[in-house]
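Worksheet: one structure, shown below.
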Amino acid sequence: MAKIFIINGGQKFGHSGGRFNETIAIETLNFFQTNSGFEVRATNINEEYDPAEEVANYVWADVVIYHTPIWWFQLPHGFKKYIDVVFTEGHAKGIYKSDGRSSVNPAINYGTGGMLLGKKYMVTSSWNAPKEAFTLPGEFFNQRSVDDGALFGFHRMNAFTGMEPLESIHFHDIEKNADIEKDLGLYQKHLTKLFLN
């Protein structure tokens, strides 16, 4: 049985009700519960959580699935706080033991002290920005992808723990031009490709 840990980082704050990420998180949960061969745990960063239990979820999981909106080109502050609190709790308790360096040669091996080796993660992100803002010449993101741009640090953070990435999926134009049915269809295909094929 593959063990899946789902984290809904869709923070409820200001004008954001977190509805899209809640929908995607529920879709993820339903996908794994309706297909055999999976055990699932889930966390919503808007609800109370015990940092030690969250560390245990990371250690337990074979795959961590993150769902996050992007606010001002970064994670929402509630989701960032969750990561700061949980990863700090996880020091020498399953997430990371050190930064990987030794005092003998401190210039090398930074980022190799993770304890989640052999585990994988996947991230979905949701944006007000249209897809073309990332792909067209002269548009805002200078033809830099989400993964190589706004989420570069997020991916390095997961590498620091020892986890390896599965293919991401990003949802665009959620505020002004949403097509939830189409996005859910694309997401189902994405999950099927990664976990059933």
Side-chain angles (χ1 to χ4, degrees), residues 1-47 49 54 57-58 61-76 78-80 82-83 119-136 139-141 144-152 154-155 158 163-197:
M1 296 276 278
K3 299 169 184 171
I4 311 294
F5 178 36
I6 302 164
I7 302 172
N8 177 2
Q11 185 177 345
K12 297 176 182 177
F13 176 80
H15 69 279
S16 174
R19 290 186 306 276
F20 181 79
N21 282 276
E22 193 164 317
T23 299
I24 293 292
I26 290 168
E27 192 77 10
T28 309
L29 186 64
N30 290 341
F31 176 87
F32 290 110
Q33 287 179 335
T34 57
N35 287 289
S36 61
F38 300 100
E39 291 179 69
V40 187
R41 295 181 184 176
T43 289
N44 184 330
I45 60 105
N46 296 285
E47 298 168 1
Y49 52 84
E54 299 305 299
N57 286 334
Y58 271 90
D62 297 312
V63 178
V64 177
I65 298 179
Y66 298 104
H67 300 297
T68 185
I70 302 298
W71 291 4
W72 293 109
F73 317 111
Q74 302 173 60
L75 302 184
F79 188 19
K80 179 62 168 67
Y82 169 90
I83 288 167
K119 298 177 184 291
K120 299 188 183 305
Y121 73 95
M122 186 192 91
V123 59
T124 75
S125 71
S126 55
W127 293 77
N128 173 48
K131 186 175 184 177
E132 292 78 8
F134 299 87
T135 60
L136 293 180
E139 287 297 317
F140 188 77
F141 291 100
R144 181 164 293 167
S145 73
V146 171
D147 294 298
D148 291 334
L151 287 185
F152 177 80
F154 184 84
H155 286 297
N158 283 284
M163 289 195 286
E164 297 177 9
L166 295 170
E167 183 183 351
S168 306
I169 184 168
H170 308 294
F171 303 100
H172 299 283
D173 220 352
I174 295 301
E175 285 193 39
K176 292 190 173 67
N177 195 25
D179 188 340
I180 306 302
E181 193 172 323
K182 178 184 171 192
D183 285 341
L184 291 178
L186 290 171
Y187 187 51
Q188 280 288 334
K189 288 178 184 174
H190 185 77
L191 290 175
T192 298
K193 177 177 76 172
L194 290 184
F195 295 99
L196 300 183
N197 293 340

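Values below: every heavy atom of this structure, side chains too, minus hydrogens, waters and symmetry copies. We're numbering straight along the sequence, starting at 1. Predicted model, so just to flag it, every value in this text is computed and none were measured.
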* Run the side chain to side chain contact (heavy atoms under 4.5 Å, CB included) check on Ile83 and Leu75 step by step: do they pass? -> CA-CA 10 Å; Ile83 288 167; Leu75 302 184; 3.7 Å; yes

Heavy-atom pair of closest approach, residues [X] and [Y]:
X	Y	result
Gly10	Pro69	CA-CD, 3.5 Å
Gly9	Pro76	O-CG, 3.8 Å
Phe38	Phe195	CZ-O, 3.8 Å
Ser168	His155	OG-CE1, 3.7 Å
Glu167	Met122	O-CG, 3.4 Å

Close side-chain approach of [X] to [Y], heavy-atom, < 4.5 Å:
X	Y	answer
His170	Leu151	yes
Thr192	Asn197	yes
Ile174	Asn128	no
Asn46	Phe13	no
Glu181	Leu184	no
Phe141	Thr135	no
Thr124	Thr68	no
Asp62	Phe5	no

* Asked: So among Leu166, Val64, Leu194, which one has a side chain to side chain contact (heavy atoms under 4.5 Å, CB included) with Lys120?
  ->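 Of the listed options, the one satisfying the test is Leu166.
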
Parallel, tilted or perpendicular, judged at 30° and 60°: which one describes the rings of [X] and [Y]?
X	Y	value
Phe79	Tyr66	tilted
Trp127	Phe134	perpendicular
Phe140	Phe73	parallel
His190	Tyr187	parallel

Side chain of [X], backbone of [Y]: donor and acceptor closer than 3.5 Å?
X	Y	value
Asn158	Met163	no
Asn35	Phe31	yes
Gln11	Gly78	yes

* To do: Would you mind telling me which of Thr28, Asn8, Asn21 makes a side chain to side chain donor-acceptor pair (under 3.5 Å) with His67?
  =>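 The single option meeting the side chain to side chain donor-acceptor pair (under 3.5 Å) with His67 is Thr28.
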
* **Working for side chain to side chain contact (heavy atoms under 4.5 Å, CB included), residues Ile4 and Ile6** => CA-CA 6 Å; Ile4 311 294; Ile6 302 164; 4.1 Å; yes

Can you measure from [atom1] ([X]) to [atom2] ([Y]) and round to the nearest 0.5 angstrom?
X	Y	atom1	atom2	value
Ile45	Lys80	CD1	NZ	13.0 Å
Leu191	Asn30	CG	CG	11.0 Å
Asp147	Ser125	CG	OG	7.5 Å
Lys119	Glu164	NZ	CD	12.0 Å
Tyr49	Ile7	OH	CD1	10.0 Å
Lys12	Arg19	NZ	CZ	10.0 Å

* Asked: Any Lys/Arg nitrogen of Lys3 or Glu39 sitting under 4.0 Å from an Asp/Glu carboxylate oxygen of the other?
  ->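 No salt bridge links Lys3 with Glu39.
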
